[in-house]
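Keep in mind the model is a prediction, meaning the values are calculated, not measured. Residue numbers begin at 1 in each chain, while the letters A, B, ... track the order of the sequences.
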Number of protein chains: 2
Amino acid sequence: MKPETRKEEIIRVAAKLFKEKGFSAVTMRDLATAMGIKAASLYNHINSKQEILKEIIISLAEDFTESIKIIYNSKNNSLEKLSNIIELHVSLTTKNTYHMASLNNDWMHLEDQLEYYLKLRKDYESYFLKILNEGMDASEIKNVNPQIIMFTMLSTLRSLYLWIPKKEDLNIDELANNLSVVLIQGINK
Amino acid sequence: MKPETRKEEIIRVAAKLFKEKGFSAVTMRDLATAMGIKAASLYNHINSKQEILKEIIISLAEDFTESIKIIYNSKNNSLEKLSNIIELHVSLTTKNTYHMASLNNDWMHLEDQLEYYLKLRKDYESYFLKILNEGMDASEIKNVNPQIIMFTMLSTLRSLYLWIPKKEDLNIDELANNLSVVLIQGINK
DNA sequence: TCCTTAAACTAACACTTGTTAGTTTGTGTT
DNA sequence: AACACAAACTAACAAGTGTTAGTTTAAGGA
């Protein structure tokens, strides 16, 4: 493991602040204070506030889209693929709790990268829907409007960042298992 | 139906802007432009930006907490009560789509009213958990960690504001019914 | 016609915002 | 001792922030 660079440290601290108040409500002076330095000093390490947001969101969004593509192309059946998606969200959210908040709530403040982000999200949802539709064709998944199933699952999975930090007592694998029970057995014929 | 006052109109337009960019990113000049007037003119009708946020969030939060209390005290069984909760969210979200965004994302910027809001939310969740626990005692609900069931249901229901405006083709009752299938039959023993 | 009132306006305020420029400090290397 | 470099600093900027004060405008009732 490489040690964290100063830039990475700034981004990590920023993500934490963004989670609490949102990107727009956090000033560079807030961030500097949290780092124990002056605002101007931040610019030795980063180019702009925008860049911090981009660094928080884009690589994580790429992770999600790449991973669901792999899940989609695997040889598992549809229900197993849905379980894999749940595990993916639990895993990425556990490792990037604060980043997930910006991914959910601050993406609209991406400027140059907004279009690219929207494409990543659209691709992600396309793979999700393909898995659901193929599961229905194979009679593995209940015949309910797939948009509604995706909406239900994604709403839950996207909110995980709010609950995971509270549940330090709760085992992560147990969480994924319980979510699978609640989310999947309900749509299993 | 009383006609809308100018103040109510400002609050309605503000809620729409807050949904798109968040409370902090919307300036009083943005709001004024959307109203077709100058920023200073807003203050003939409202006392502060804070007050707008309060008006958007608090009465809606009160609605939720009062309504779930009534549902809890009704004579329905637990599964029917959960259906009622789903209908409640679909109904309030349909009527207040934009307000729901602030309720979800901007509550932390309430200042004077923050504590009161948190109490309303805590009370709401207490009633929800009571319904789940009584349902388990009565063997109507699967024996899964009730926090996880509530988390799953609430994540979905709180995100409705994101999906309802897109689905003008989709019937509202059908939405509530489909959600009940997906969310409840999964936890029904 | 005069008065009241709702609702807009202009002008300005004190403060905060992100960011830049140039400088200093401390640490490790030659 | 001299140097290089990362990383902090001070000072300042132009623009934007929420808000206030006082004024104008248009419509309706006395």
For this session: Working to the nearest 0.5 Å, report the span between CE of B/Met108 and NZ of A/Lys19.
Result: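 Interatomic distance, B/Met108 CE to A/Lys19 NZ, rounded to 0.5 Å: 9.5 Å.
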
Problem set entry | Interatomic distance, B/Leu129 atom CG to B/Glu134 atom CD [nearest 0.5 angstrom] |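 CD of B/Glu134 is found 11.0 Å from CG of B/Leu129.
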
Problem set entry | Whole angstrom value for the distance that separates P of D/dG16 from CG of B/Asp30 |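 The answer, rounded to whole Å, is 11 Å.
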
Exercise. Just how far, in rounded Å, is C1' of C/dA7 from CD of B/Glu4?
Worked result: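 Atom-to-atom, B/Glu4 to C/dA7, this comes out as 16 Å.
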
Looking only at side-chain atoms of [X], point me to the closest of [options].
{"X": "A/Ile37", "options": "D/dT19, D/dA8, C/dC9", "answer": "D/dA8"}
{"X": "A/Ala39", "options": "D/dG18, C/dA8, C/dT19", "answer": "C/dT19"}
{"X": "A/Arg6", "options": "C/dA7, C/dG18, D/dA8", "answer": "D/dA8"}
{"X": "B/Thr27", "options": "C/dT19, D/dG18, C/dT10", "answer": "D/dG18"}
{"X": "B/Ala40", "options": "D/dA7, C/dT20, C/dA11", "answer": "C/dA11"}

Exercise. Does A/Asn44 make a side-chain donor-acceptor contact with the base of D/dA8, cut-off 3.5 Å?
Worked result: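 Under the 3.5 Å cut-off, the side chain and the base do form a donor-acceptor pair.
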
Exercise. Could one point to a donor on the side chain of B/Arg29 or the base of D/dG16 with an acceptor on the other under 3.5 Å away?
Worked result: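 For B/Arg29, whose side chain was compared with the base of D/dG16, there is no donor-acceptor pair (under 3.5 Å).
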
For this session: Decide, yes or no, whether a salt bridge links B/Glu62 with B/Lys54 under the criterion of side-chain N to carboxylate O below 4.0 Å.
Result: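 Judged by the 4.0 Å cut-off on N to carboxylate O distance, B/Glu62 and B/Lys54 do not form a salt bridge.
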
Problem set entry | Donor-acceptor side-chain pairing of B/Asn105 and B/Tyr161 below 3.5 angstrom |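 Looking only at side-chain atoms, B/Tyr161 and B/Asn105 do form a donor-acceptor pair, the distance falling under 3.5 Å.
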
